[in-house]
Each structure stands twice: as structure tokens, then as C-alpha cells.
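To keep things clear, I will list the structure first and then write my remarks on it.
Each ligand, and each atom within it, is numbered from 1 in the order the structure gives. As a basis for the values below, the full set of heavy atoms in this structure was taken, side chains included, without hydrogen atoms, waters or symmetry mates.
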Amino acid sequence: MLVAELYARYSSDLARLARFASLGERIGKSFASEERRILYLMTRHRAPQLIVEFSPKRGWSTLHMAAALEDNGRGHILSFELEPVYAALTRRTLKEAGLAHRAEVVVGDVREEFPRLSADRKRWRADPGLEFLFIDSDHSARFADWYLGNLFPLVRQTGVIQVHDVEAPPEIIAEGRTFYSDKPSGEEERLAAYLLNRSESYRWFSVAALVRDADYLAAVRPYGGGGIALPSQNRRVHPSEARLGFERNPSLWIDRLAPQEQTPYPGLPFDPIPRSPLARAGYAVRRLIAPVYAPIREARRNRKLKRRQERYVDP
Ligand SMILES: C[S@@+](CC[C@H](N)C(=O)[O-])C[C@H]1O[C@@H](n2cnc3c(N)ncnc32)[C@H](O)[C@@H]1O
């Protein structure tokens, strides 16, 4: 009901998302149709002062949240990206859309950079407590343990968390399956167990479940929503999409109902990413040259993709 109401309230602004079509062709669309619109709508609705995002990759998710903040006339994104080349591409994406002023992209492992930044009260634009947390990063169980232990307790009462690539509601994942695959990922399993054990503290809705609800689809279609069919152009589709016959929409939206548990960062330990001396040197060099190197690497990738698409025949 909430999402359908948001569609009605912001339908004319939603139509303006079409201006990102050419960017989407280039930077990829991990947030397809329905969840891309819901990401925009929920950001409008929550109107946060600060969004903490990990991670942006080429900035498709960042772009939609930044556009919503711009339309709200307030708010900022602090976005953490491990790979320097992607961080540079996200900055470029935002700049091209005229939204660079809405986000700061921090390069590094979010597990190291977040505590560093959260201790810096001047840089941190919000009062204690996270009001809008966006998660689409490393999908392992260990990484989920880090954010569940260290960040969920920092979420304010009435704060919201969006986790991407959670392919069913927690109740289904607890049965050992998702709508899109036979085995949940480590992240899906940890998150589902965490939420089901604290069901009085959180409530949630799954976009994967919404797109299976005929009433929901009928309610949002008049406002340009509910379009989850596979695109007819010769775009290469994800294998799960091809199997199902429509675009995947795997975001879980979580509301925190209970009071914030902790104010300082809990500091539960994690295993740093293992890197050989050579890999460390390569990373340091990429950090230095990313602003110049990223567009060159991206142009090469796009040429390759274009050639592949020209060869691809829609099944
Ligand atoms: C699935 S992609 C994000 C897609 C993006 N949200 C979008 O809309 O296109 C996952 C990203 O997480 C980044 N990542 C993985 N582990 C990370 C870590 N420990 N800290 C920060 N970023 C990380 C990867 O480099 C990658 O860019």
C-alpha cells in the first residue's frame, strides 16, 4: 500500500527518470525496473539528511538516490567503494547527471573506512544514528556478519535499510530457497536469521515478493510501474532473468521499529581482505591513476560489450 501510494504521489517525477536511459545503457542496471523506481520513491519518501551506501560500483543506485535527494532539495550520500576505478566511475556518473554535489565517494574497504569516518564528527553530517542505510556490496556470510553486528545496532528508530540481492522475503529464505535460485547466498541466510530472530524490532517488504503480487502490479501500472518484462532489445539478460522470463527484482526493504541499540561504533572484528605484496602495490597504483585510467578502461569495456551485443540473438 505504501509503495502504491508513493507511485501516485510522485508519478510525474518518476517519469523524469527516463533522462538516465542512456547512462543506464553504459553503466549497467543492477537495479532494474520496479526496484529502481522503488529506490527513488523510498528516498523521496524518507527524505534523509544522510544516506550511507555500500557500494556504488558505477553509480547506478547512487544516481537514483541522488536524484531523489535533489528533488527533495536536501540530503547527502556517503558512499563506500572498494575498487578505485569504480569510485572514479561513480563520481563521473554523478557529474554527468549534474548531481555530484549530492554524494561523496570514499575509496577503500567499507569495514575499515566506515569506523574512521564515523569518528569524524565534522565530516559526519548527521546526528548519531543511521537513518538510511543502502547495502549492495560483498554478498558473503562474513561480510553480512560485519554489517549486522556493527551497523544494524547504529540504525535509528524509524530508520530504513535497503539490502540488494536478497531474492525472497526472510521467511522463504529460512526454508532454504529463494524465488530465483535453489540455495540462498551466505548473506541472505545470515540476514534472514537475524531478522526472524528480532521480528519485533524490524518489519520488511521484499520487492521480489511484490512483483509476484497481481494486486500490487495492477495498483502501480496506471503510474508507470509494474513493468517487469524482459526488454525486447537484444540486451544480454541475466541467466535467472532468462529462466523466469522477466527482470529480477531482489531488494529487501527493512524498517527499524525498536530504539537504536548503540551510539558508538561497536567495533566487532573482521578479517581484512588478504592481498599479496604485488596485489597491494597494484591497488595503490590504481588509487593514484583511477581518475585518468577509469574512463580508458570503461571505453574499452563498452566497445567489447557493444561487439558482443551485436553478435547476440534474442532467444
Ligand atoms: C553489486 S556491486 C554494486 C552495484 C551498485 N549498487 C549498482 O547499483 O550498480 C558490488 C560493489 O561492492 C564493492 N565492494 C565489495 N566489497 C567491498 C568492501 N569490502 N568495501 C567496499 N566496497 C566493496 C565492489 O567493488 C562492487 O563495486
Distance from [atom] to nearest protein heavy atom, with residue and atom:
{"atom": "atom 9 (O) of ligand 1", "answer": "Ser30 OG, 2.9 Å"}
{"atom": "atom 10 (C) of ligand 1", "answer": "Asp136 O, 3.5 Å"}
{"atom": "atom 15 (C) of ligand 1", "answer": "Ser137 OG, 3.7 Å"}
{"atom": "atom 2 (S) of ligand 1", "answer": "Lys57 CD, 3.8 Å"}
{"atom": "atom 20 (N) of ligand 1", "answer": "Val110 N, 3.0 Å"}

Parallel, tilted or perpendicular: rings of His64 and Phe20 (30°, 60°):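 Perpendicular: the ring planes of Phe20 and His64 meet at over 60°.
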
Side chain, backbone, both or neither: the part of Phe143 lying under 4.0 Å from ligand 1 by heavy atom: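 Under 4.0 Å from ligand 1, Phe143 contributes side-chain atoms alone.
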
Heavy-atom side-chain contact between Glu53 and Phe80 under 4.5 Å: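 Heavy-atom side-chain distance check fails, nothing below 4.5 Å.
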
Give a yes/no verdict on whether any heavy atom in [X] is under 4.0 Å from an atom of ligand 1.
{"X": "Gly59", "value": "no"}
{"X": "Tyr86", "value": "yes"}
{"X": "Arg58", "value": "no"}

Subset of ligand 1 atoms that lie under 4.0 Å from at least one heavy atom of Ser61: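 Near Ser61, meaning under 4.0 Å from one of its heavy atoms, ligand 1 has 5 (C), 6 (N), 7 (C), 8 (O).
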
Interfacing atoms of ligand 1 (cut-off 4.0 Å, heavy-atom, Gly108):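 Those of ligand 1 that fall under 4.0 Å from Gly108 are 20 (N), 21 (C).
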
Arg212 NZ/CZ over Tyr180 ring centroid, <6.0 Å and within 45° of normal: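 Pair Arg212/Tyr180 counts as cation-pi.
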
Six-ring centre of Phe270, Arg142 cation under 6.0 angstrom, axis tolerance 45°: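 The answer is no, since Arg142 fails at least one limit relative to Phe270.
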
Evaluation steps, salt bridge (Lys or Arg N to Asp or Glu O under 4.0 Å), between Arg44 and Asp13: CA-CA 10 Å; Arg44 287 300 301 273; Asp13 294 337; 2.7 Å; yes

Cationic N near anionic O, under 4.0 Å, Glu298 to Arg92: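 Looking at Arg92 together with Glu298, the answer is no, because their closest N to O distance does not fall below 4.0 Å.
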
Closest to atom 13 (C) of ligand 1 (judged by heavy-atom distance), picking from Ser55, Pro56, Gly24: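 Among Ser55, Pro56, Gly24, the closest heavy atom to atom 13 (C) of ligand 1 belongs to Ser55.
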
Pick from His164, His64, Glu81, His139: the one approaching atom 25 (O) of ligand 1 most closely through a non-hydrogen atom: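 Closest candidate by heavy-atom distance is Glu81.
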
Sub-6.0 Å ring centroid separation between Tyr194 and Phe152: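 Yes, close enough.
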
Salt bridge (Lys or Arg N to Asp or Glu O under 4.0 Å) assessment of Asp255 paired with Arg46: CA-CA 11 Å; Asp255 271 333; Arg46 292 303 190 125; 2.2 Å; yes

Reported CZ-to-CG distance for the pair Arg102 and Asn72, which is rounded to 0.5 angstrom: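 If I round to the nearest 0.5 Å, the distance is 8.5 Å.
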
Gap between atom CG of Leu89 and atom CZ of Arg58 - 0.5 Å precision: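 So the CZ of Arg58 and the CG of Leu89 are separated by 6.5 Å.
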
N or O pair under 3.5 Å between Asp109 and ligand 1: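 So ligand 1 has an N or O lying under 3.5 Å from an N or O of Asp109.
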
Nitrogen or oxygen of Leu82 less than 3.5 angstrom from that of ligand 1: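 Yes, Leu82 has an N/O under 3.5 Å of an N/O on ligand 1.
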
